[in-house]
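Each chain gets a letter, A, B and so on, in the order the sequences are listed, and its residues count up from 1. The figures that follow rest on heavy atoms only: side chains count, while hydrogens, waters and symmetry mates do not.
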Amino acid sequence: MDVKAIREQFPILNQEINGHPLVYLDSSATSQKPVSVIKAVEDYYKQDNSNVHRGVHTLGTRATDKYEGAREKVRNFINASSTKEVIFTRGTTTSINTVAYSYARANLKEGDEIVVTPMEHHSNIIPWQQAAKATGASLKYLPLRPDGTIDMEDVKDTITDNTKIVAVMHVSNVLGTINPIKEIAAVAHQHGAVMVVDGAQSVPHMQVDVQDLDCDFYAFSGHKMCGPTGIGVLYGKRELLENMEPVEFGGEMIDFVNLYDSTWKELPWKFEGGTPIIAGAIGLGAAIDFLTDIGMDNIHDHEEQLIAYAMDRMKTFDGLTVYGPEQRAALITFNLTDVHPHDTATVLDAEGIAVRAGHHCAQPLMKWLEVTATARASFYLYNTPEDVDRLVEGLNKTKEYFGDVF
Amino acid sequence: MSFDNLDTLYRQVIMDHYKNPRNRGSLADDALTIDMNNPTCGDRIQIHLQVNDGIVEDAKFEGEGCSISLSSASMMTQAIKGKKVDDALKMSKIFSDMMLGNEVEEDDIDLGDIEALQGVSKFPARIKCATLAWKAMEKGVGEEQ
């Protein structure tokens, strides 16, 4: 994989921040966008912009073809069996909320359980808290091992015949843990529960095959995988989606509208009320082309080498705590002794290095880690070992700076 | 290597308040207590105020946070202690103006250490850290009035 050539596809990386070349280590929050994605969105607005599915005129047909073409690209990318199983949403949050509003509220009752983990992003906790409150079901947490991984024995102990929904993230945005989704899904299915997966941090970085994982719902966002913001995907098994009610009602999603009653379009459109995110979907399609051309396996290999190097350098750094397991995705969450992560991030920014500081939308996990906040460096296909070196150098300066002022 | 830019943010006096916070702790049960979150990072600060006859008789703070949020809380409690509520609110207004980078009229109020936080206005991502304690104080006396 030619990282130099890849970096040239990302114009934003070629700039100075506070007098230093930018080192972007916040791709877990949002990835940067290659020119092909920016151009696909631009071309659509310049040449094809029109509403979809009303196409008597030529532009309408072009817009529809591109929008539905993007759906086919997503289907192929995650190996769904049909485009009927690929619903465009605003992002992972909306995707999970769709399941929580539609599936959960219709299928849960008092005494039922929803099983989640303490490492979940808020977007895979709060929708279930709300669904539990609305239905009388209860929320149950899988325990974590001290290194922030899930033990399959705990999975077998926690999921019972009362469990109706199991919601787990594929890759942790804080710990970098890669969860055994296929194995957990198998246990969920043994007990008749559905498996909901938050794939926001996995789809951008590894080959994901929803049929092989045998998950029932899989949610992810476009903007973390080189696509635009405001577009995401909800994959769902067809037989489940067929039996679910839409969450949003209005234009685009209807079949017949009478004065007092209406019927819905078939899948996937019944879940896409209103004019959809046409440019976003087309941009996501271009992002999938971009990633596929490079090869998800190549991207994964590159990131594995990068994280191994980063872990080596960070773990030997005096006065630095790294959170999470040894085996991990390409991100490192850490704290410098006696320096608040906010201050670390400010000093690093002064050096041109962008990292995230805060609770990473995972307050229950922060409690589990017994910290209020952490700093996080996350890597993607355009990052290099030199970026890791610059980070370590920046951390040395942070230590020096705060050492001086104290 | 130059840290000139950072030095406008992390002034010596800020670091002193961070390292040796003034008025850290809690007050009697009948004091006002205000909980405030920094939405950017989830840091939580608790301000305790003892207000009698329109005077802030005592002010303390608890919580965890970055150097800017904690030093600002320390300075804020120091500044408003013994002041009239109206003056405390006036100072809060001056402080937000300062954070917005506006010219601050010296007026008849002595800002003391607080002036050291002026540099924060050049770091937009950190303004919320600095204003957290002041916002909590405003909320507290607002409830009281």
*If you look at every heavy atom in B:D7 and A:Y401, which pair is closest and at what distance?*
OD1-OH, 2.6 Å

*Nearest 0.5 Å please: distance from the OG atom of B:S67 over to the NE2 atom of A:H340.*
8.5 Å

_With a sphere of 6.0 Å drawn around OH of A:Y101, does it hold more than 12 non-hydrogen atoms of other residues, nucleotides or ligands?_
no

_Taking NZ in B:K81 as the centre, count heavy atoms belonging to other residues, nucleotides or ligands within less than 6.0 Å. Is the count above 12?_
yes

_Other residues, nucleotides, ligands: >12 heavy atoms within 6.0 Å of B:N20 CG_ = yes

*If you draw a 6.0 Å radius around CG in B:D29, do more than 12 non-hydrogen atoms from other residues or ligands fall strictly inside?*
no

*Report the distance from atom CD of A:Q363 to atom CZ of B:R44, rounding to the nearest 0.5 Å.*
8.0 Å

*Please determine, by modelled atom types, if A:T346 and B:R126 share a side-chain donor-acceptor pair under 3.5 angstrom.*
yes

*Give a yes or no answer on whether the side chain of A:D343 reaches the backbone of B:C66 with a donor-acceptor pair at less than 3.5 Å.*
no

*Does any heavy atom of chain A fall under 4.5 Å from the side chain of B:L9, the backbone, both, or neither of them?*
side chain

_Looking at B:R11, I want to see if its CZ is surrounded by more than 12 non-hydrogen atoms of other residues, nucleotides or ligands under 6.0 Å._
no

*Could you label the plane-to-plane angle of the B:Y10 and A:F402 rings as parallel, tilted or perpendicular, counting under 30° as parallel and over 60° as perpendicular?*
perpendicular

_Would you compute the distance between atom NE2 of A:H359 and atom CG of B:N38 and round it to the nearest 0.5 angstrom?_
8.5 Å

*Can you establish whether the number of heavy atoms outside B:E57 located under 6.0 Å from its atom CD is more than 12?*
yes

